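Note: hydrogens, waters and symmetry copies are ignored here, and every other heavy atom, side chains too, is used. Everything numeric in this text was worked out from a predicted model, so none of it was measured.
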Amino acid sequence: QVQLVESGGGLVQAGDSLRLSCAASGRTLSNYAMGWFRQPPGKERELVAIMNRSGGYTYYGDSVKGRFTISRDNAEIAVYLQMNSLKPEDTAVYFCAAKSGYAARTRAADYDYWGQGTQVTVSS
């Protein structure tokens with residue numbers, strides 16, 4: 001069982017930046033492909049960014065390409081989502097997810113473990 005904990009959310013203004021962090025309680029994330037997903041108010045969960053186990057492959061949702069960056073730290077204890085040039089439409093609960101195995105997937109249903117989510121609110 002992997003328990004994921006997100007942090008770093010908050011209330012910011014349009015154009016600001018935030019960095020979200022995701023750590024696994026008591027273990028490394030080296031055995032998992034990782035993903036960030038978000039759920040805007042009243043909408044379904046959607047893909048933000050994914051990364052394979054090695055970190056050599058990343059993929060981003062169309063709405064965040066060029067603004068957001070997913071990364072891992074060298075010790076494999078955390079995964080990050082750097083969010084720049086934030087827009088009001090980025091407002092959502094952001095979830096970290098881990099998938100056993102090497103390859104990352106774009107479908108949320110393919111991920112085995114989820115964090116509780118962190119709220120990001122962007123004001124105009």
Side-chain angles (χ1 to χ4, degrees):
Q1 188 72 13
V2 178
Q3 292 183 317
L4 301 174
V5 179
E6 302 98 336
S7 60
L11 173 62
V12 297
Q13 293 186 330
D16 286 350
S17 298
L18 275 177
R19 189 175 82 154
L20 305 183
S21 299
C22 172
S25 177
R27 62 195 299 169
T28 72
L29 296 172
S30 58
N31 292 327
Y32 301 93
M34 300 298 298
W36 285 97
F37 294 80
R38 68 186 183 187
Q39 188 161 12
K43 297 184 179 180
E44 294 186 352
R45 195 167 296 191
E46 62 185 33
L47 168 72
V48 176
I50 58 174
M51 172 181 283
N52 67 1
R53 192 173 66 190
S54 72
Y57 171 81
T58 58
Y59 179 86
Y60 297 89
D62 287 342
S63 61
V64 306
K65 284 179 183 176
R67 300 188 297 123
F68 290 12
T69 303
I70 186 172
S71 63
R72 294 179 180 258
D73 72 345
N74 290 335
E76 298 284 0
I77 60 173
V79 174
Y80 305 101
L81 184 68
Q82 178 66 43
M83 305 186 295
N84 298 329
S85 302
L86 283 161
K87 304 175 181 179
E89 51 263 45
D90 294 319
T91 295
V93 178
Y94 283 71
F95 297 91
C96 171
K99 173 187 167 294
S100 300
Y102 184 83
R105 295 283 184 263
T106 58
R107 289 196 321 158
D110 289 327
Y111 288 76
D112 303 300
Y113 305 103
W114 290 82
Q116 81 289 350
T118 186
Q119 177 70 47
V120 173
T121 303
V122 185
S123 64
S124 58

When you group the ILVMFWY residues by side-chain heavy-atom contacts below 4.5 Å and let the links chain together, are Val120 and Leu4 in the same group?
yes
Of all heavy-atom pairs between Ser124 and Ala14, which one has the smallest distance, and what is that distance?
CA-CB, 4.4 Å
Could you tell me the separation between the CZ atom of Arg72 and the CG atom of Leu29, rounded to the nearest 0.5 Å?
6.5 Å
Separation between CG (Leu11) and CD (Gln119), nearest 0.5 Å, reads 9.5 Å
With Ser63 as reference, evaluate Lys87, Glu46, Arg38 under the side chain to side chain donor-acceptor pair (under 3.5 Å) test and give the passing residue.
Arg38
Say you draw a straight line from CG of Leu81 to CD1 of Ile70; how long is it, rounded to the nearest 0.5 Å?
6.5 Å
Is a side-chain N or O of Glu6 found less than 3.5 angstrom from the main chain of Gln116, in a donor-acceptor match?
yes
Rounded distance (nearest 0.5 Å) linking atom CZ of Arg105 with atom CG of Asn52
10.0 Å
Below 4.5 Å, heavy atoms only, C-beta onward: do Val79 and Trp36 meet side chain to side chain?
yes
Within the supplied structure, the quantity of interest is the number of heavy atoms (other residues, nucleotides, ligands) at a distance under 6.0 Å from Lys43 NZ; does it exceed 12?
no
May I ask you to test the Met83-Asp90 pair for a side-chain heavy-atom distance under 4.5 Å?
no
What are the two closest non-hydrogen atoms of Arg53 and Ser30, and how far apart are they?
CG-O, 3.0 Å
Expected output: side-chain Thr58 to main-chain Met51 donor-acceptor under 3.5 Å:
no
Measure the spacing between CG of Asp16 and CD of Gln13 and express it to the nearest 0.5 Å.
6.0 Å
For the atom pair OG1 (Thr106) and OH (Tyr111), what is the distance rounded to the nearest 0.5 Å?
7.5 Å
Angle between ring planes, Tyr59 versus Tyr57, binned at 30° and 60°: parallel, tilted or perpendicular?
parallel
Shortest non-hydrogen contact between Ser85 and Arg67, atoms and distance:
O-NH1, 2.9 Å
Tell me which one of Thr121, Val12, Val64 satisfies side-chain contact (heavy atoms from CB on, under 4.5 Å) with Leu86.
Val12
Consider only side-chain heavy atoms of I, L, V, M, F, W and Y, link residues closer than 4.5 Å, and tell whether Leu47 and Tyr60 are in one cluster.
no
Looking at Phe37, is Arg45 sitting on its ring face, NZ or CZ under 6.0 Å from the six-membered ring centre and within 45 degrees of the normal?
no
Is the side chain of Asp112 donor-acceptor paired with the backbone N or O of Ser100 at a distance under 3.5 Å, no angle test?
yes
Heavy-atom closest pair, residues Thr91 and Pro88
OG1-O, 2.9 Å
Linking I/L/V/M/F/W/Y whenever any side-chain heavy atoms sit under 4.5 Å apart, do Val93 and Leu18 land together?
no
Find out if a path of hydrophobic residues (ILVMFWY) with successive side-chain heavy-atom gaps under 4.5 Å connects Trp114 to Leu20.
no
Under a 3.5 Å distance rule, please check whether Arg27 uses its side chain to pair with a backbone N or O of Gln1 as donor and acceptor.
yes
For the backbone of Thr69 and the side chain of Tyr80, can you confirm whether one donor and one acceptor N or O come within less than 3.5 Å of each other?
no
Are Phe95 and Ile50 connected into the same hydrophobic cluster when the rule is that any two of I, L, V, M, F, W, Y join if their side-chain heavy atoms are below 4.5 Å apart?
yes
So does Gly9 get a backbone contact from the side chain of Thr118, meaning a donor-acceptor N/O pair under 3.5 Å?
yes
Does the plane of the ring in Phe68 sit parallel, tilted or perpendicular to the ring in Tyr94? Use 30° and 60° as the thresholds.
tilted
Find out whether Val122 and Glu89 are in side-chain contact, i.e. whether some heavy atom of one side chain is under 4.5 Å from a heavy atom of the other.
no
